[in-house]
Amino acid sequence: MDRESAAKEIARLRAEITRHNELYYKKAAPVISDGGYDALERELRDLESRYPDLAVADSPTGEVGSDRDANFPSVAHSRPMLSLQNSYELSEVEAFDQRVRKELGRTGESGDPVYSLEPKMDGVALAVRYLDGKLFVGLTRGDGRQGDDVTGNARTIGDIPLELGPDWQDAFPEAGVRMFEARGEAFLTLSRFRALNGEREAAGLDVLANPRNATAGTLKTLDSNEVRRRGLSVFFYQLFPLDPEDLQTREGLPFFEDHFAEMKALGALGLPVNPFLKKASQLIEIETNLEELEGERAGLDYQIDGAVIKVSDHASQVRLGSTAKAPRWGLAFKFAAEEAVTYLREITLQVGRTGVITPVAELDPVELAGTKVSRATLHNWAEMERKDIRVGDQVVVVKGGDIIPKVLRVLTEQRTGEETPLPAPEVCPVCGGATGQQEGEVALRCLNPLCPAVVAGRLRHFASRNACDIEGLGGRSIDLFLELGLISGPADLFELQRSVLAALPGWGEKSADRLLAGMNRAKVRPWSAKIFALGIPQVGVTTALTLARHYPNIELLIQAEVEDLADLPDIGPIVGETVVSFLASQKGAKLVDDLRQTGFFLTEELLPPPERDLTGETWFAGKVFVLTGTLQNMKRADAKAAIERLGGKVTGSISKRTDALVAGEKSGSKLAKAEKLEIEILDEEKFRELLAEAGETATEDDD
Ligand code: IVH
């Protein structure tokens, strides 16, 4: 390449990388994979080193991307908040190790460097500062020099203590520390992420794309109550004192001897650290640790995108130093993205209970991250057009950050000309009614409130587990009742006659009685479940519980005013407004009226036991589980899903926080570790017994 074309290419790459930085850091909506981004950056770095005279100070290769947001005051970082050099191949780790050895003079006899290895959390960097044991500042990375002050939001995160225990100073090797900073990564656990999306779906809101973006968006939310409700977590990985004298006398010299001591101190302060922390000196040990971590990855309740390898000894860190962008003592090793290429056969349309029409890609089945994928969401038409997705395309699907696989991009170079885009439908595919968009929304909706898909969706929601939990009423029965004109809304369910039900095809007296019993039980469901069953937009399980605690029955709830609601924990003015306007709307008022006449509402509604949410009624609720070994009668994924349905959490490795280990055949080191820590151990039989007691029959749908 000659100098002129290199200059052009450099300009193009800089513009492109800057655009991706903006999308990733500011909009939390990246359009390329991390690997794709790194490839661009590598190309640019390469050109800049070949043509040093074309390099400029403000090139994106020399800067940390910025997530600065004008809605938050900006505060200077105590020391730069850098990024990490990425690597994808073991040969790059080897090159790193060799450079470290050379620069530290550690060749031959002079001793091996000690490395630490820990998961690279796929979240958002967060710094917190404490003064005299009290949290006083929370900052995002911003541009690495100045961060956004998100203290109000940081204060709502359960993992970040507002006040440390009385002996907190003992965590430091020297006396007299008054002020310190801890840095870590904020993230959403997968179970929290799934629960939030479940609620959002039920409330007719757009689902959050993936945990990382949801975390970035959450930290920059202006409503702290909403931040609290989302339930972020944090793992810390850096700690240093901030006292002015200390900064002066030490001139940036590290406080702890090495990374392990620093992590231990974080733990002693009550700041959570990731339980996976390994020591390694030789490349082969690093490799083994990387393999072990990758093996644990699928079982973790949070997303990691690789490992971070650090020279542990702090004096060596200082000697190795940093570039403007990244420390020279650390390296991120990124795991391969979980991507696959397949053929997009068809795009089908789904109509949800709020009328939102979602395009779904029907794919040639393909293996992705251990599961067969044959469908992927295309979100909406704006997204489909942006990615130019057409029927007949070869597409790249990813599971990466997302729970539901999605189409990342199209292999346009493989097009034959036969591919056809699918225009947004002018009429609803289910009822033929008009479609349209609500102001400020990207989603396309069926506007007909009587659309059978909408009506059926609402009924399914009413009958669902967290709502009325009506046994014997599955999706197929609902469709049948609607088709026969037996019902048109939830209230009609209470009027169904035993003789009519028993005579339905495939029914009989037994099924009829089962449903009628289920309907009777619906009337004594906890009040919060009934509120959730109403399907008020934006009211998920947690919000319903708050409403139930403050308004003991329906008559008081319909009298609530926006201002009163906005004062409740976890509810802001926006949700308050939605609740009031739903209950006052023709549709909402009719639903409440009709249900009232069936005796559904009680003057004294039942509250779920205090401090428990709707999923919190089982032995599993709130407990942390680890699964290991081979289960004979169920898949691990099903076991995990069952635990989560019952309110428990599944993580990948044993720690003091683990409540129980489910151990199948051939359990190895985890079993030994659990025994050592005296953690409850469940064999498969006992586990299944507990599941059954909690109402999990390990089988399917009601129909
Ligand atoms: S150490 C120079 N340890 O990855 C910064 N970072 O790509 C030292 N990250 O800015 C960072 N997990 O936000 C470190 N275990 C871990 C990490 C971690 C995630 C993030 C962090 C950092 C970014 C760099």
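Predicted, not measured: the structure shown is a model, and the values here were computed from it. Both ligands and their constituent atoms are indexed starting at 1 by order of listing. All residue numbers in this chain count up from 1 along the given sequence.
By the criterion of a heavy-atom distance under 4.0 Å, the backbone of Pro119, and not its side chain, is placed next to ligand 1. Looking at Lys310 against ligand 1, only its side chain comes within 4.0 Å, counting heavy atoms. Contacts of Arg141 with ligand 1, taken as heavy-atom pairs under 4.0 Å, involve the side chain alone.
For Gly330, the heavy-atom gap to ligand 1 stays at 4.0 angstrom or more. Note on ligand 1: Pro327 sits in its first shell, one or more heavy atoms being nearer than 4.0 Å. Put simply, no part of Ser322 is less than 4.0 Å from ligand 1, judged by heavy atoms.
Tyr37 and His20 have perpendicular rings, their planes meeting at more than 60° on a 0 to 90° scale where under 30° would count as parallel. Ring-plane geometry between Trp168 and Phe180 is classed as tilted, the angle between the planes lying from 30 to 60 degrees on a 0 to 90 degree scale.
The atoms of ligand 1 that sit less than 4.0 Å from any heavy atom of Ser83 are 2 (C), 24 (C). Atoms of ligand 1 found under 4.0 Å from any heavy atom of Ala125 (numbered from 1 in listed order, with element): 13 (O). Atom numbering of ligand 1 starts at 1 in the shown order; those under 4.0 Å from a heavy atom of Glu185 are 9 (N), 13 (O), 19 (C), 20 (C), 21 (C). Near Val308, the atoms of ligand 1 lying under 4.0 angstrom from a non-hydrogen atom of the residue are 3 (N), 15 (N), 16 (C), 17 (C).
For the pair Lys278 and Phe276, the distance from NZ or CZ to the six-membered ring centre is under 6.0 Å and the angle to the ring normal is within 45 degrees. In this structure, Arg79 satisfies the cation-pi test against Phe240, with its NZ or CZ atom closer than 6.0 Å to the six-membered ring centre and inside 45 degrees of the ring normal. The cationic atom of Lys279 (NZ for Lys, CZ for Arg) lies less than 6.0 Å from the six-membered ring centre of Phe260 and within 45° of the ring axis.
With respect to atom 5 (C) of ligand 1, the closest heavy atom belonging to the protein is Leu82 O, 3.8 Å. The protein heavy atom nearest to atom 15 (N) of ligand 1 is Glu118 OE2, 2.8 Å. Closest protein heavy atom to atom 12 (N) of ligand 1: Met121 N, 3.0 Å. Among all non-hydrogen protein atoms, the one lying nearest atom 24 (C) of ligand 1 is Leu84 N, 3.4 Å. Of the protein's non-hydrogen atoms, Lys120 NZ, 3.0 Å is the one closest to atom 7 (O) of ligand 1. Of the protein's non-hydrogen atoms, Tyr237 CE1, 3.7 Å is the one closest to atom 11 (C) of ligand 1.
Checked by atom type and distance alone, the side chain of Glu292 never pairs as donor or acceptor with a backbone atom of Thr288 at under 3.5 Å. Within the 3.5 Å criterion, the main-chain N or O of Phe335 finds no donor-acceptor partner in the side chain of Asp305.
Heavy-atom contacts from other residues, nucleotides or ligands closer than 6.0 Å to CD of Glu257 number 12 or fewer.
With respect to the salt-bridge test (charged N to carboxylate O, under 4.0 angstrom), the residues Arg45 and Glu48 do not qualify.
Tested against His259 for a side-chain hydrogen bond (donor to acceptor under 3.5 Å, both in side chains), the candidates Glu118, Gln317, Gln238 yield a single pass: Glu118.
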